Amino acid sequence: MASSRNGCEGCVDITCNSTKQVLQQDIAKNVKTAYDRIEARGMSACLFGSGGTCCRHCNMGPCQIIDGVDDMIGICGATADTVAARNFGRVIAAGTAAHTDHAREMVKGFIATAKGETPNEIKDVKKLHMLAEIFGVETEGRDKNEIAVEIGELALAEFGSQDDNTLTMLKRAPAKRQEIWKQLNVGPRGVDREVVEMMHRTHMGVDQEYKNIMLQGSRCALADGWGSSMLSTELTDIMFGTPVPRRAIVDLGVLRDDQVNITVHGHEPLLAEALCLAAQEEDMLALAKKVGAKGINLTGVCCTGNEILMRRGIPVAAGFVQQEMALATGAVEAMVVDVQCIMQSVAEVAKNFHTDIITTNYRAKMPDSIHLQFEEADALASAKKILTKAINNYKKRGDCFIPEETKLDVVVGFSHETINKMLGGTFRGSYRPLNDNIINGRIRGVGVIVGCDNYKLADDTHEIIARELIKNDVLVLATGCAATSLGRAGLVQPAAIEHAGPGLREVCETVGMPPVLHMGSCVDNSRILIAATEMVREGGLGDDISDLPAIGTAPLWMSEKAVAIGQYFVASGAQVVFQNLPTSGAKAFNNYLLEGMMDTYGAVWNVAEKPLEIAKLMIEKIDQKRAALGIDKQRERVLFDMEMRRDLGTGSGVGDVGCTGPQHNV
Ligand code: NFS
Ligand code: SF4
């Protein structure tokens, strides 16, 4: 058996308990995972590919470029910098396209809901009115559905807009940031248009100046962050409810041996929500009983998991790197997938068991799977068809192994609104306490850990970074598979404050929140843009996002979406750290990302390889911002004070968990 299961030289260490346990079982002995394939390939990645200097944009090539070697430029004369910038731009375009197509479905689902054509309803009227104001939609004396239809149609028009007006949501950004975008002319117009223009400008023989290519790179990425992703988050919240704090559980141990296990994998919550509704219906429960199951256990995988975790407290079985492990338990009747981050290998793993892979979106079909198209117009019936297929599989279940003890408590639901309320009180939410605690130094700054996990690197990377950050009084915000992995590490629960530094601990205890706040899926990174903007608006921490003692990382990035997110963070003034970038083969362009962008955006990309280095770099950058704001001395004082108080034995006691909401559904 592949030695990556036991650790071998040059192999990635698997530290995750549940993964290790599952792979050691007899039933999993024929399962091949990505860990095995990395080992079996036995070759390192192509240097041109990893450095960003392989061009396949026309049929005179492909051309592999070596920076600085005269004869090794492209046949067309393209240099390493041009090629790497074009490739990087296309990665941003692909990432933006993925978020955008997802967002478009959500907007269409939103309009259909407002028209009464789906089983959903307009739930968060407060947020609806907030958005109405941004879009200039009249609310006085109007029915919520009428308002929602108008907002939905305006939002939908922003995807295909052909005029030169910029996207509506941009005006939510700090004034200074808006001015920077205006000066640079990078304010996105129609979302789709920016993806198309990015593809056009990186076609053979068009834009050949890397800084100019990256102006469009920023415009395209901003169309994602402040455009499609933000629309998706807000409209999904209005439809399915803005997340509030709730307890839930994560990790493979959430599967149940006496219930029908259905994992929902992918990204668009429309399908997942319909399955949640259908799984509560009498006829479905009766069918489950008939086949001998005690119930229907819906669990999430990847970002779909995060969407229903945040809004419903539905358990998350697995993040990206555990999708194969969830099936290798032998306990899953069906893995229902829609779009994005679904590895083709899951169908192979499923062949070892009774599990069906059910594709549901015409965009994403897979060999060796069953396609049951999800029809939004007939959502419940579609969902029931899918569930029926899964339930009928239950009887076929053979030996299975569920690592029961790997089931971690998490407290999730930290939308921007939740943070506002928790910190500022129910009646008048405010970021004032957060800003004050940053200014007085109890909280050193904000570290954002987002994005994928990745088989090529150790699976405890997120955990190591987060532990170092919270130990140093940095409040951590997390989304995506990074948040799932931090949940698995036990850091997304109030008890984790025992690992926090004294200042952060005091604040978290008082408020009753964990030191790592789960803010949702990857499209929900737009929540972080809004949170950062609110911190600026609250005052005392400068007048732009680039002044905040905050920094982001997507250490284990895998998907192109992560690069789009990185670029919209940077173009919004927030620094990011990645473990590597596909630009290292082009010196000038790489330097532009790592240094040159500072003059343009007040933020840059950073690269650091080891998790601890990443954390230390983040802390260093946070301290630089504190010094620039003139609040570095306060921190020394407050730490000194706390020391004294502890000596006197008057430190504050452990507060209650300040969150309510339904318990997890097991
Ligand atoms: Ni984000 Fe989510 Fe996970 Fe990465 Fe994929 S599921 S949208 S891309 S792997 S965090
Ligand atoms: Fe080569 Fe230029 Fe064609 Fe790229 S566009 S493949 S560098 S000739």
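Every number for a ligand or one of its atoms is a count from 1 in the order of the listing. None of these values were measured; they are calculated from a predicted model.
Under 3.5 Å, the side chains of Asn306 and His518 contain a donor-acceptor pair of N or O atoms. In this structure, a donor-acceptor pair under 3.5 Å is absent between the side chains of Ser228 and His99. If you check the side chains of Arg37 and Ser345, you find a donor sitting under 3.5 Å from an acceptor.
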Test side chain to side chain contact (heavy atoms under 4.5 Å, CB included) applied to Thr533 and Arg172, step by step
CA-CA 8 Å; Thr533 301; Arg172 299 178 83 179; 5.7 Å; no

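In this structure, atom 8 (S) of ligand 2 lies nearest to the protein heavy atom Cys76 N, 3.4 Å. In terms of protein heavy atoms, atom 4 (Fe) of ligand 1 is closest to Cys452 SG, 2.5 Å. Looking from atom 3 (Fe) of ligand 2 to the surrounding protein, the closest heavy atom is Cys58 SG, 2.3 Å. Distance from atom 3 (Fe) of ligand 1 to its nearest protein heavy atom, with residue and atom name: Cys481 SG, 2.3 Å. Counting only heavy atoms of the protein, atom 1 (Ni) of ligand 1 lies nearest to Cys522 SG, 2.2 Å.
Side-chain contact between Ser18 and Asp251 is present, with heavy atoms from C-beta onward closer than 4.5 Å. The side-chain heavy atoms of Glu324 and Met343, taken from C-beta on, include a pair separated by under 4.5 Å. Side-chain contact between Met230 and Arg527 is absent, with no heavy atoms from C-beta onward closer than 4.5 Å.
Less than 4.0 angstrom separates some heavy atom of Phe320 from each of these atoms of ligand 1: 9 (S). For ligand 2, the atoms sitting less than 4.0 Å from at least one non-hydrogen atom of Gly74 are 7 (S), numbered in the order shown with element in parentheses. Listed by atom number, the atoms of ligand 1 under 4.0 Å from Ser559 heavy atoms are 8 (S). Counting atoms of ligand 1 from 1 in the listed order, those under 4.0 Å from a heavy atom of Cys302 are 6 (S). Atom numbering of ligand 2 starts at 1 in the shown order; those under 4.0 Å from a heavy atom of Cys63 are 1 (Fe), 6 (S), 7 (S), 8 (S). Residue contact check: Gly61 has heavy atoms under 4.0 Å from atoms 6 (S) of ligand 2. Short contacts between ligand 1 and Gly451, defined as distances under 4.0 Å to a heavy atom of the residue, involve ligand atoms 10 (S). For ligand 2, the atoms lying closer than 4.0 Å to a non-hydrogen atom of Met204 are 5 (S). Proximity to Met558 (heavy-atom distance under 4.0 Å) selects the following atoms of ligand 1: 9 (S). Near Met60, the atoms of ligand 2 lying under 4.0 angstrom from a non-hydrogen atom of the residue are 8 (S).
Taking backbone and side chain together, Cys341 holds no N, O or S atom under 2.8 Å from atom 2 (Fe) of ligand 1. Residue Cys55: an N/O/S atom is found under 2.8 Å from atom 4 (Fe) of ligand 2.
The environment of NE2 in His371 is crowded: more than 12 heavy-atom neighbours from other residues, nucleotides or ligands sit within 6.0 Å.
Residue-ligand proximity: Arg86 is placed with a non-hydrogen atom under 4.0 Å from ligand 2.
Here the options are Phe88, Phe569, Tyr592, the test is ring pair (Phe, Tyr, Trp, His ring centres under 6.0 Å), and the partner is Trp605; only Phe88 passes. The one candidate from Asp453, Asn580, Asn454 that meets the side-chain hydrogen bond (donor to acceptor under 3.5 Å, both in side chains) condition with Trp557 is Asn580.
We find that Glu348 and Lys32 are not joined by a salt bridge, their nearest charged nitrogen and carboxylate oxygen being 4.0 Å or further apart. With respect to the salt-bridge test (charged N to carboxylate O, under 4.0 angstrom), the residues Asp67 and Lys587 do not qualify.
Contact annotation: for Gln340 versus ligand 1, there are no heavy atoms closer than 4.0 Å.
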